[in-house]
Number of protein chains: 2
Amino acid sequence: MATLKDVAKEAGLSVGTVSRVLNNRGYISEETRESVHRAMKRLNYQPNEMARSLSRQRSSMIGVIVPNIAHPYFSMLISCLENAFHREGYEMLLFASHGKADQEEEYVRACVSNRVAGLILCTGSVKTARLRNLGFPVVTFERFLNDADAGVECDNYGGGVLAAQELISAGCRNVASIGGGGDVSMPADGRQEGFLEECGRHEDVRVHSFSCSVERILDMEYLPEICRFLEQVPDVDGVFANSDVIALQVISALQKKGRKVPKDVRVIGYDDVLPLNIINPALTTIHQPVAEMAEACVMIIKKASQGESFPVRTIFHVTLVRRETT
Amino acid sequence: MATLKDVAKEAGLSVGTVSRVLNNRGYISEETRESVHRAMKRLNYQPNEMARSLSRQRSSMIGVIVPNIAHPYFSMLISCLENAFHREGYEMLLFASHGKADQEEEYVRACVSNRVAGLILCTGSVKTARLRNLGFPVVTFERFLNDADAGVECDNYGGGVLAAQELISAGCRNVASIGGGGDVSMPADGRQEGFLEECGRHEDVRVHSFSCSVERILDMEYLPEICRFLEQVPDVDGVFANSDVIALQVISALQKKGRKVPKDVRVIGYDDVLPLNIINPALTTIHQPVAEMAEACVMIIKKASQGESFPVRTIFHVTLVRRETT
DNA sequence: TATCATATATCAATCGATTAACACACCCAG
DNA sequence: CTGGGTGTGTTAATCGATTGATATATGATA
């Protein structure tokens, strides 16, 4: 494996010069630059990132910790993050906490050991105090953590309001919200809040709410909650599900009970994650601009690394995507 | 940030001894070991993985390159890989090639630069010659690449046979296979092959086959192909889709044409990826043991790193999971 | 008593790149 | 002809851990 030294020798230059070419520092003539690049190509030189990171005291990796990689929402988020990383020259170190606090902390430590450029936390059971003085910026994604450096969210409350308006204007008068309300407080709780408050503004609308435990979010099995809910409110005519995954299972359960969607019951989801919306009937949902949110996380880390100022809290608008279930 | 030296000083020992504790080498008394651990805890020491990797000439990361992170099949695979990595003490460096050969090569180079312990390729457009002498083992996942060190697949041909048998024994006599047959040859093509050959063994069964371009696999939009197919074979009574994502869209398209699943048309998918199978009607599909396959990839890399011998080709059995669409 | 296994220290090189200090050119402009 | 900008070389320290050589000091064992 060729080293910088080998490249220098091959090009008949000093390591200092070659390093300057690699890092675009100081004075370099066009001729030298090209000669270095030719030498690198001839030797098939690949800079040793370990050595660079050691020297620079910082790697070009960003740590990402999510609760569950296979969940469509997180897999889409990871995908968007990967795009943004690529664009900005970062690499992704990915971990899944499975909602376990100890595993989460282990992964935070792994990030420290790897001297990452930053950490994006989409999981919130970490003892926040452990995030202080890590040596790199920590950004939370749709979570609250006091000791993080910044947070990126979507307008969850507004999304809940949009959902309520859609159901009510479609004629629903006996609606329910399902999901959220776990034991840890998170931004997504705002969805239910917005939904309930908006419904409260309409006197003729009855509203119910059901919460799911966090474990459900991990294994994506909401059926017990959904069945309990359908038994308690058999005549529901509008459902706001906290996520598309829940919404799909609601539709499935309704259809099994012989209730037609959207004729008998209208359903609206949250997230707008493919491929869940390709199915029949296509799900009306609240669209989160995940790509932009991912981009924002990366830019915050980039700015923080360069000592520039960055927003502590970034909140994105959500939009209603009307399809076939409302 | 505390270093090994600081720990040594804090514990009143030499760096050599502390290093021996960290790496479990040579003679260490229980007393010393504990004293080192106490000192590490007191200083909140986190070993610098960059320095370790530089010194060892190898990091504890494994590179993973997939075509598309958000595709349910790959997100499940990534999730399973992450579990296996965690169990074996590796970390994941994740990349998405989006099917672009140049991006793929760029990511292979990134893995070289990061001196990964191994690379898992779930994407196959790389010029195979570029995989020679990378300095770490390369394992392909459901791909063919001559220059890789090992490959892990499932019994695609057998899966196709199972699907055919299921449809035929359910009474289908005019069946179709959809998906596969892209421009690059891959193991998954065997599904169609097995399906067609098994159907060929039954004289009274008519069989059709349709292929999808690779781009479809990336954006998960198969509707054009599916509609074309449904027009050409309007009286189809059994469909074998090359993946669950395709199967769902087939069901969706059939329902829109007023054809009932499974009454009029039986459908069977491939992969068995949640949450696609939670929907209604629940999809009958061919189950791939992705977790075991992921595990196999990791063990191959582990064995190769330790100089032990490993299987060049590992093929896993698949099973039929009968649900509601057949 | 001699030997061996255990346990630790000291020292220094090494991994591969970054970077600062300093020196030496050259060329151009004032 | 002199000062300043440009371009490059040399040298050496540094980042933090690994590792081998060598030395020393216990005990226990033969």
Side-chain angles (χ1 to χ4, degrees), chain A residues 1-37 39-40 43-61 109-117 135-136 305, chain B residues 1-37 39-40 43-61 109-117 135-136 305:
Chain A
M1 196 102 286
T3 71
L4 235 207
K5 227 167 165 176
D6 300 327
V7 174
K9 197 184 294 171
E10 173 79 13
L13 294 162
S14 70
V15 288
T17 306
V18 177
S19 176
R20 257 179 281 146
V21 170
L22 263 165
N23 297 286
N24 256 320
R25 289 181 328 111
Y27 298 121
I28 298 289
S29 71
E30 203 42 52
E31 196 183 354
T32 306
R33 185 186 305 281
E34 276 167 27
S35 134
V36 167
H37 283 127
M40 295 199 311
L43 297 178
N44 191 25
Y45 169 72
Q46 300 297 340
N48 186 323
E49 281 297 330
M50 301 297 116
R52 297 185 107 184
S53 306
L54 176 60
S55 184
R56 298 217 204 109
Q57 302 270 58
R58 193 79 17 238
S59 78
S60 58
M61 302 182 296
R109 280 199 300 276
C111 288
V112 173
S113 278
N114 281 286
R115 304 297 192 264
V116 295
F136 49 78
S305 310
Chain B
M1 197 105 283
T3 70
L4 235 206
K5 226 164 163 179
D6 300 326
V7 174
K9 196 184 295 171
E10 173 80 13
L13 294 162
S14 71
V15 288
T17 306
V18 177
S19 175
R20 255 179 284 142
V21 170
L22 264 165
N23 298 285
N24 255 320
R25 289 180 330 112
Y27 298 122
I28 297 289
S29 71
E30 203 43 51
E31 196 183 353
T32 305
R33 186 185 305 280
E34 276 168 27
S35 132
V36 167
H37 282 128
M40 295 198 311
L43 296 179
N44 190 27
Y45 170 73
Q46 300 296 341
N48 186 323
E49 281 297 330
M50 299 299 116
R52 295 186 109 186
S53 306
L54 177 60
S55 183
R56 298 216 203 110
Q57 302 269 59
R58 195 79 12 242
S59 78
S60 58
M61 301 182 295
R109 280 199 301 275
C111 288
V112 174
S113 278
N114 281 287
R115 302 298 192 264
V116 296
F136 48 79
S305 310

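Every value quoted in this text rests on a predicted model; they were computed, and no experiment measured them. Residue numbering restarts at 1 for every chain, and letters A, B, ... go by the order of the sequence lines.
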* **Short side-chain N/O contact to C:dG16 OP1/OP2 from B:Gln57, under 4.0 Å** => yes
* Asked: Within this structure, what is the CD-to-C1' distance between B:Glu49 and D:dA17, rounded to whole angstrom?
  -> 10 Å
* Asked: Would you say D:dG9 has OP1 or OP2 under 4.0 Å from some side-chain N or O of A:Ser14?
  -> yes
* **Separation of atom CG in B:Asn24 from atom P in C:dA7, rounded to whole Å** => 13 Å
* Asked: Where the side chain of B:Arg20 is concerned, which of C:dC15, C:dA9, C:dA17 is the nearest nucleotide?
  -> C:dA9
* A:Met40 CE to C:dG16 C1', straight-line distance once rounded to whole Å -> 15 Å
* Asked: Taking only N and O in the side chain of A:Arg56, is any of them less than 4.0 Å away from OP1 or OP2 of C:dA17?
  -> no
* **Any A:Tyr27 side-chain nitrogen or oxygen under 4.0 Å from OP1 or OP2 of C:dC26** => no
* Would you check if the side chain of A:Ser113 reaches a backbone N or O of B:Pro47 as a donor-acceptor pair within less than 3.5 Å? => yes
* Does some side-chain heavy atom of A:Val112 sit less than 4.5 Å from a side-chain heavy atom of A:Arg115? -> yes
* Would you mind reading off the distance between A:Asp6 atom CG and C:dC15 atom C1', rounded to a whole angstrom? => 13 Å
* In whole angstrom, what separates B:Arg33's CZ from C:dA7's C1'? -> 12 Å
* Between atom CD in A:Glu31 and atom P in C:dC26, what is the gap in whole Å? -> 15 Å
* Check every atom of C:dT18, C:dC15, C:dA9 against the side chain of B:Leu13 and return the nucleotide holding the closest atom. => C:dA9
* **Side-chain heavy-atom pair A:Arg20, A:Leu13 within 4.5 angstrom cut-off** => no
* **A:Leu22 vs A:Leu4 side-chain heavy atoms within contact, under 4.5 Å** => yes
* Asked: Among D:dA17, D:dG7, C:dT18, which is the nearest nucleotide to the side chain of A:Ser29?
  -> D:dG7
* For B:Asn44 and A:Arg109, does a side-chain donor sit closer than 3.5 Å to a side-chain acceptor? -> no
* **Contact under 4.0 Å: B:Arg52 side-chain N or O vs D:dT18 OP1/OP2** => yes
* Asked: Whole-Å distance between D:dT19 C1' and B:Leu4 CG?
  -> 12 Å
* **Phosphate OP1/OP2 of D:dT18: any B:Arg25 side-chain N/O under 4.0 Å** => no
* Would you indicate which nucleotide in C:dA20, D:dA17, D:dT19 comes nearest to any side-chain atom of B:Ser19? => D:dT19
* **CG on B:Asn48 to CD on A:Gln57, rounded to 0.5 Å** => 7.5 Å
* Asked: B:Leu43 CG to D:dA17 P: how many Å, rounded?
  -> 12 Å
* Asked: Using a cut-off of less than 4.0 Å, is there contact between a side-chain N or O of A:Asn23 and OP1 or OP2 of C:dT18?
  -> yes
* Structure fact -> Ranking D:dT19, C:dG16, D:dG9 by distance to the side chain of A:Leu54, first place goes to C:dG16
* To do: Name the residue closer to the 5' end of DNA chain C, choosing between B:Ser55 and B:Glu30 according to the nucleotide with the nearest heavy atom.
  => B:Glu30
